[in-house]
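All remarks here apply to the structure that follows.
The basis for the numbers below is simple: all heavy atoms, side chains too, and nothing from hydrogens, waters or symmetry mates.
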Amino acid sequence: MKTIWDKYAEVLVDYSVDVQKGDLVQIRATSVYAKDLVKAVFKRVLERGGHPLVRTSIEDMSDTFIKLASDEQLDYVDPITKLEYEKVDKFISIGAPMNTKTMARANMAKLARRGKATKALSELLMKRSADGSAKWVIADVPTHALAQEAKMSFDEYSEFLFKSCYLDLDDPVAKLKELDEKQTKWANYLNNVKKIRIVGEKTDITFGVEGRKWISCSGLNNYPDGEVFTSPVEDDVNGEIYFDFPQIYRGNEAHGVHLTIEKGKVVKVVAEKGEDYVNAMFDMDEGSRGIGEIAIGTNDEIQDITGNILFDEKIGGSIHMAIGASYPETGGKNVSGLHWDMIKGMKKDGKIYADDILIYENGKFII
């Protein structure tokens, strides 16, 4: 009899990255709490004829590294990791945090420096993903830390996670394909649009999207999933946007973030909490004040902020905008070590216009 982990593994291995015979598959886990899913994925990769390569971390080592590393060590990217980014065919990353605040007191300047150093790796993976030479997916397992962050019991959070991934259904892949069919219609419509305007609380911002590709996300890179996104034209984003949800990045929080953007660059940051941290991350490198993504969340199984970006950016009735790196497969050209998805609720007076036509209102597409 299949366990929930077997079902989970089949979605990741068979559907998300589509492991084929002979594929080199990296299975990366952030802590020992991921062991049940790691074992199920390892088994499924073998059943599909792939070659599993397991990389497991011990929690809190990132905090130790940032605390003790010299500038030389912060700038160093080891050749073994670089080789894996070049040679691995399929990447499956499983999050299982024991503590969501591990990096909350980390040195901001050192974090930014490390992000800049590893930028080339993320660029390489994005490039390989865009040209089809590699596939990747990230997923999470329930942990007490994630449950606490979401203000749920462990059992409540486990049920929430599995439902968000449609793992409570007999055939979660069929549901993901149904989601993709609906979202693809919206993406096809948006592919013929030149300007997107988003209006809401303290928000009136336009994005040039002419020539950019909108993509339906349905479990191929993120699991759970549910969004339609693109990367806007780099110098054609203007206006102001207010993010009412808490914004969390690397264990640090910012609240009430209000950004002013001119010609595709963040020129002003105001935040009720965490303003210094936001500015430190935005000053990471040359591209970290650019706009890398604009997206519309569509997963109605996710309704509340849980403190986990993998879930929160998919909230049905929300949008998110990423500061930093864009996605080459959309036509995006902004390069940065930063990619911070910031989330805004749209259910109360939120509107989206496409070439001046109202297409989305109060959290729902109306086309």
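In terms of modelled atom types and a separation under 3.5 Å, the side chain of Lys314 and the main chain of Leu310 share a donor-acceptor contact. Listed for the Thr298 side chain is a donor-acceptor partner under 3.5 Å among the backbone atoms of Gly226. Checked by atom type and distance alone, the side chain of Thr230 pairs as donor or acceptor with a backbone atom of Lys213 at under 3.5 Å.
Residues Tyr360 and Phe207 share a hydrophobic cluster, clusters being chains of Ile/Leu/Val/Met/Phe/Trp/Tyr side chains in contact below 4.5 Å.
For Asp283, the side chain to side chain donor-acceptor pair (under 3.5 Å) test picks out Arg289, with sequence neighbours left out.
Centroid-to-centroid, the aromatic rings of His339 and Tyr249 stay 6.0 Å apart or farther. Less than 6.0 angstrom separates the ring centroid of Phe311 from the ring centroid of Phe160.
No side-chain donor from either of His255 and Gln247 sits under 3.5 Å from a side-chain acceptor of the other. Ser216 and Asp180 form a side-chain donor-acceptor contact under 3.5 Å, judged by distance and modelled atom types alone. Between the side chains of Asn334 and Ser326, no donor-acceptor pair of N or O atoms lies under 3.5 Å. Side-chain atoms of Thr100 and Glu149 include a donor-acceptor pair closer than 3.5 Å. Judged by distance alone, the side chains of Asp140 and Asn308 do bring a donor and an acceptor atom under 3.5 Å apart. No side-chain N or O of Thr330 forms a donor-acceptor pair with one of Arg212 less than 3.5 Å apart. For the residue pair Asp63 and Thr102, no side-chain donor N or O sits within less than 3.5 Å of a side-chain acceptor on the partner.
Under the 4.5 Å side-chain criterion, counting only non-hydrogen atoms from C-beta, Asp18 is in contact with Arg48. A 4.5 Å side-chain heavy-atom check between Tyr242 and Asp204 finds every atom pair outside the cut-off. Between Ile323 and Met281 the shortest side-chain heavy-atom distance does not fall below 4.5 Å. Proximity of Asn238 to Lys263: side-chain heavy atoms (C-beta onward) are separated by under 4.5 Å at one or more points. In this structure, Glu201 and Asp349 have side chains that are not in contact, with every pair of non-hydrogen atoms separated by 4.5 Å or more. With a 4.5 Å cut-off on side-chain heavy atoms, Met103 and Ser62 count as touching. For the pair Val228 and Leu190, the minimum side-chain heavy-atom distance is below 4.5 Å.
Here the CH2-CG distance, from Trp136 to Asn221, works out to 4.0 Å after rounding to the nearest 0.5 Å. Rounding to the nearest 0.5 Å places OG of Ser93 at 6.5 Å from CZ of Arg28.
The side-chain tip of Lys175 points at the ring of Tyr166 from less than 6.0 angstrom away and within 45° of straight on.
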| task | Quick one: do Lys195 and Asp236 satisfy salt bridge (Lys or Arg N to Asp or Glu O under 4.0 Å)? Show the steps, please. | result | CA-CA 9 Å; Lys195 290 275 187 182; Asp236 195 6; 2.8 Å; yes
| salt bridge (Lys or Arg N to Asp or Glu O under 4.0 Å) evaluation trace for Lys135 with Asp89 | CA-CA 7 Å; Lys135 291 185 177 181; Asp89 299 300; over 6 Å; no
| task | Report the C-alpha separation of Lys7 and Asp170 in whole Å, then their side-chain angles, then the decisive distance to 0.1 Å, and conclude whether the salt bridge (Lys or Arg N to Asp or Glu O under 4.0 Å) test is met. | result | CA-CA 9 Å; Lys7 190 191 286 190; Asp170 290 336; 5.1 Å; no
| query | After noting the C-alpha distance and the side-chain angles of Glu329 and Lys127, does the key distance pass the salt bridge (Lys or Arg N to Asp or Glu O under 4.0 Å) rule? | reply | CA-CA 8 Å; Glu329 60 263 46; Lys127 181 176 180 294; over 6 Å; no
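The pair Lys90-Asp23 meets the salt-bridge criterion, with a side-chain N (NZ, NE, NH1 or NH2) lying under 4.0 Å from an Asp/Glu carboxylate O.
No more than 12 heavy atoms of other residues, nucleotides or ligands shown are found within 6.0 angstrom of NZ on Lys351.
Leu37 pairs with exactly one of Ile4, Asp6, Leu12 by the side chain to side chain contact (heavy atoms under 4.5 Å, CB included) rule, that one being Leu12.
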